[in-house]
J.: 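Sending over a structure as structure tokens; questions will come in a sec.
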Amino acid sequence: MPLGHVPEALRHARAWPYEEAMRLLERIHAERAAGHGKHAARGQEVLFETGYGPSGLPHIGTFGEVARTSWVRRAFASLAPGMRTRLLAFSDDMDGLRKVPDNVPNKEMLAQHLGKPLTSIPDPFGTHESFGHHNNARLRAFLDGFGFAYEFASSTDYYRSGRFDAALCRVLETYDEILAVILPTLGPERRATYSPFLPVCARTGRVMQVPILERKHDAASIVWKDEETGQLVETPVTGGRCKLQWKADWAMRWFALGVDYEMSGKDLIDSVKLSSRICRILGGVPPENLTYELFLDEKGEKISKSKGNGLSVEEWLTYGPPESLALFMYHAPKRAKRLYFDVIPRMTDEYLSHLAKLPGQDEAGRLGNPAWHIHAGDVPRNDSPVTFGVLLNLATVANAEDKAILWGYLNRYAPGTTPAGAPLLDRLMEYAIAYYRDFVKPQKRYRAATPEERVAFEDLIRRLRENKAALGALGVDARAAAVQDLIYDAGRRPPFMQKQKDGTNGVSIEWFNAIYQVLLGEERGPRFGSFVALYGVEETAALIEAALKRPPAADDQGRVSA
RNA sequence: GAGCCCGUAGCUCAGUCGGUAGAGCACGAGACUUUUAAUCUUGGGGUCGUGGGUUCGAUUCCCACCGGGCUCACCA
């Protein structure tokens, strides 16, 4: 195999995008050697494709497919810098609308257009030329938001412009062979009416699923019966007047466009096999395919846009950076993974760890580092001195609903760190706060104060308020120390006071446990003086007052929920 | 029925072209701070699902089987 021009470090890269790219490169060399197929001629572009059914909105699987395909494309480009590559995002916007989606307005209007191509149905949102155009725009905005490099393609445009005409005529020529492949896979009743051609009815505008009564090769047309009028209708297969049924459509597109690489979920394994056979019948070479596993929700069921289970892209991006989502998609595409909220912190920390490792790695190491692929080789610096897990922990114990609180703690830990100097850290804090707010805080269990604790807490409130002005004049560190003294003073009473080894009056750990359990809903917490210094003296007093107003134990654990 | 994936420490999982197993959490012990942890040190714990094959050697590669999950068999 003439791979001699591939750089040494790349040749042994084992990251899966490289393995995929290598497979693709070998295919191209094989075509050249055999003198058959698109790449028998040199200088052909290498075409990557991802496809969408545009009746739904872009979802997390869409992101995954485009991200993964982009990584393979990039790996390929580095293996074969001389070859041009393209990534086509192909929208099946000529498909007939089968049912009215749940998540759109004007459902009655849409119901009147069932069966018509999406691009022939008015936009229920009223913002675009058609429903198909609307969804295409949403798709493009979604992909653009992540900065993907791709070219958009509309099935409707391709059909109507005549770009598929030659391939469609080829389908007509090989009609019998194609039918021989597809019919055995169908149930008896479908088998009776199946046709790869779906004529678009000129009278109603609908995509018709009807038996083909006659094929006219010279006229490149088909004849079918309009059941409503009882008339025979002749429809050319070209110019967008016929569309192809799904599996034939995929095969024809591969053949017509010369698609070299396309991945798909395991639910399409049989479709890939069948479409590949059809593609060969047409005279093409089907693309290299990677079958990826589907994503599962927390119950282990397939995530689908119609069910709306699992996790949406928007939800992920509320609690973790886009890079963490990309890492999730990078890791082991052939392995089924649960896509649920609790993976976000782990992916975020793994991403940070890959990022931190990268500067010290040699080329071979970098090629195996997911962060290298995620950032297409242009990797930012990890400016966070702490892990995301630590930020989450910090947000939890500090009741942080505001970045300023986290920054207060951070500056004591890593002085001189600023949002401007550590933009990644600043972003991570927002995610940590959102995660805390939505997942951790609702789980907090606040215990009601015992009568003894209540006395001590009321004393603490009084001490805080009496010293408010003096405390406010101190710096953060001095204030933290001063507040800590007040806390000890408030706790020096039964049952918390206890003699220490040196004879002075100390305070039992039970007092501090009460503070965490009653005020913060946690078993443990930060040094409370530091917390107060950052959270605010009056705010803390108010926090204690609110805690004391909570009703007493609601269950036998002596706990009530927040 | 066909196909895909998984089976490694109590739990969740890593394991990078084969060299007698690792992390996080949990659990045990210790250090430290005004007996408070976004601290540090340390310990225990695994027939790597089962049985074959290839190999000097297999958690890793191949086959079979067992167990679990999912997908496709109508539409895309």
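All figures in this text were calculated on a predicted structure; none of them were measured in a lab.
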J.: A/H354 has an atom NE2; how far is it from atom P of B/A14, in whole Å?
T.: 12 Å
J.: Under 4.0 Å between a side-chain N or O of A/R335 and OP1 or OP2 of B/C5?
T.: no
J.: Indicate, yes or no, whether a donor-acceptor pair under 3.5 Å links the base of B/C4 to the side chain of A/K334.
T.: no
J.: How close or far is atom P of B/A76 from atom CD1 of A/I269, stated in whole angstroms?
T.: 19 Å
J.: Take the protein atom CG of A/L392 and the nucleotide atom C1' of B/A38, then report the distance between them rounded to whole Å.
T.: 12 Å
J.: Within the structure shown, what part of the strands sits under 4.0 Å from A/G368 by heavy-atom distance: base, sugar-phosphate, or nothing?
T.: nothing
J.: Starting from P on B/C13, measure out to NZ on A/K337 and report it in whole angstrom.
T.: 12 Å
J.: So what does A/L268 hit on the nucleic acid, given a heavy-atom distance under 4.0 Å: a base, only sugar-phosphate, or nothing?
T.: base
J.: B/C74 P sits how many Å from A/E189 CD, rounded?
T.: 8 Å
J.: A/P17 and A/W71: which non-hydrogen atoms are nearest, and at how many Å?
T.: CB-O, 3.8 Å
J.: Got a minute to check which stems RNA chain B is part of, using Watson-Crick or G-U wobble pairs under 3.5 Å, three or more consecutive?
T.: B:1-7 with B:66-72, B:10-13 with B:22-25, B:27-31 with B:39-43, B:49-53 with B:61-65
J.: For a quick check of understanding: with a heavy-atom distance under 4.0 Å over all strands, which category does A/D485 fall into, base, sugar-phosphate or nothing?
T.: base
J.: When the distance from CD of A/E293 to P of B/C72 is rounded to whole Å, what number comes out?
T.: 12 Å
J.: Please list, chain by chain and in numerical order, all residues satisfying ring pair (Phe, Tyr, Trp, His ring centres under 6.0 Å) with A/Y159, sequence neighbours excluded.
T.: A/F164
